[in-house]
Amino acid sequence: RLGWPVISDILERLLSALSHAHARGVIHLDLKLSNILIGEDPTDLRLRDFGLADLYRQASRAGKPTPMGGTPTYMAPEQIQQNWRAIGPWTDLYSLGILTYILTSGRRPFTGEDNDAVLAAHLTEEVPPLPPYAAATPGLDKWISQLTSRQIRSRFRSAPAAMAALLHTQKARLQRAKQAVYTNVK
């Protein structure tokens, strides 16, 4: 399992990449661990496999519905329901929340006997709280919950908004750490 400093760096880079894509009207729709490439230099992070994004854009331009696609572990409710008019940056941010949960806990938030059970869980269940060993940063559970809300209107509307909240959470963590150091020194 990765430590929080590495995870937070990955999240910041992913949010930057998503912000860049979303500003150009591109919604990835298949954000998952295997679509993130990290080079030998950890600062070299790339998002790959925009195949679903291309299908979605082509279908949207033609005014046609697109077939459901994506990876069940990471799919947002609107994607599962094929509610293509509801797709937006928040759809990728939902997947980012699931990815964050997996990176920090080492496990998937929803499991089932098959993909249908996992998809149903995305539609009917909330992402469980992080296990105690994974709660690296106070406020991380809340951040993940906002990313993975089943209600679109409750999610962050953009990658920059999610980034600002993540940075605020990290700042609060640093302040608590400083307070603990000062308390122990006295």
Side-chain angles (χ1 to χ4, degrees), residues 1-2 6-39 42-60 66-111 115 118-119 121-123 125-128 130 134 140-141 143-152 154-167 169:
R1 207 167 352 179
L2 301 172
V6 174
I7 293 170
S8 70
D9 186 58
I10 290 170
L11 293 175
E12 288 175 29
R13 292 178 193 288
L14 282 173
L15 284 163
S16 179
L18 289 173
S19 180
H20 181 82
H22 295 162
R24 285 149 185 79
V26 177
I27 309 300
H28 191 279
L29 296 173
D30 200 20
L31 183 63
K32 59 185 176 181
L33 289 171
S34 62
N35 283 340
I36 301 166
L37 300 176
I38 301 175
T43 62
D44 183 20
L45 182 142
R46 296 174 193 241
L47 195 51
R48 69 180 195 105
D49 191 2
F50 283 83
L52 285 178
D54 289 339
L55 285 175
Y56 174 70
R57 284 174 59 169
Q58 290 170 14
S60 294
T66 54
M68 182 175 73
T71 304
T73 297
Y74 301 90
M75 288 173 69
E78 63 272 18
Q79 208 173 345
I80 295 166
Q81 295 169 326
Q82 298 183 38
N83 185 358
W84 299 110
R85 292 178 187 212
I87 297 289
W90 43 87
T91 306
D92 283 343
L93 294 175
Y94 181 95
S95 300
L96 180 71
I98 299 296
L99 190 143
T100 303
Y101 189 95
I102 293 169
L103 283 173
T104 54
S105 71
R107 65 181 195 204
R108 297 174 181 182
F110 303 123
T111 57
N115 286 338
V118 173
L119 294 171
H122 282 285
L123 297 173
E125 299 174 26
E126 297 297 329
V127 170
L130 287 169
L140 185 60
D141 263 328
W143 188 74
I144 291 172
S145 292
Q146 189 166 353
L147 288 168
T148 60
S149 173
R150 288 178 300 177
Q151 303 300 317
I152 292 170
S154 298
R155 290 186 218 150
F156 294 107
R157 302 304 291 167
S158 67
M163 174 78 88
L166 177 64
L167 294 175
T169 299

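Any value given below was found using the heavy atoms of this structure, including those in side chains, with hydrogens, waters and symmetry copies removed.
Judged by distance alone, the side chain of T71 and the main-chain N or O of T73 form no donor-acceptor pair under 3.5 Å. Panel note: side chain Q79, backbone L29; a donor-acceptor pair is recorded below 3.5 Å. A donor-acceptor pair under 3.5 Å links the side-chain atoms of D141 to the main chain of L130, judged by distance alone.
Distance CG/L93 to CD1/I27: 9.0 Å, rounded to 0.5 Å. The structure places CG of L47 at 7.0 Å from CG of N35, a figure rounded to the nearest 0.5 Å. Taken to the nearest 0.5 Å, the NE2 atom of H28 stands 9.5 Å off from the OG atom of S95. Note that CG of L147 is 7.5 Å distant from CG of L15, once rounded to the nearest 0.5 Å.
Looking at V26 and H20, their side chains never come closer than 4.5 Å, going by heavy atoms from C-beta outward. Looking at heavy atoms from C-beta onward, L96 lies out of side-chain contact with Y74 at the 4.5 angstrom threshold. T100 places none of its side-chain heavy atoms less than 4.5 Å from the side chain of L103. Contact annotation: the side chain of D9 never approaches that of L45 to less than 4.5 Å [non-hydrogen atoms, C-beta and beyond]. A heavy-atom distance below 4.5 Å is not found between the side chains of F156 and P89. By the 4.5 Å heavy-atom criterion applied to side chains, R108 and Y101 are not counted as neighbours.
The side chain to side chain donor-acceptor pair (under 3.5 Å) search around E126 returns R150, not counting sequence neighbours. For Y94, the ring pair (Phe, Tyr, Trp, His ring centres under 6.0 Å) partners two or more places apart in sequence, or in a different chain, are H122. Scored by the side chain to side chain donor-acceptor pair (under 3.5 Å) test, R157 finds no partners at all (sequence neighbours excluded).
Minimum heavy-atom separation, R155 to W90: NH1-O, 3.2 Å. Considering every non-hydrogen atom in both L166 and W143, the closest pair reads N-NE1, 3.5 Å. Shortest non-hydrogen contact noted between D92 and L31 is O-CD2, 3.7 Å. When all heavy atoms are compared, the tightest approach of I102 to P109 is CG1-CD, 4.1 Å. Nearest heavy atom pair, residue T169 against residue L140, reads CG2-N, 4.0 Å. In plain terms, the two heavy atoms of I36 and L14 that are nearest each other are CD1-CD1, 3.6 Å.
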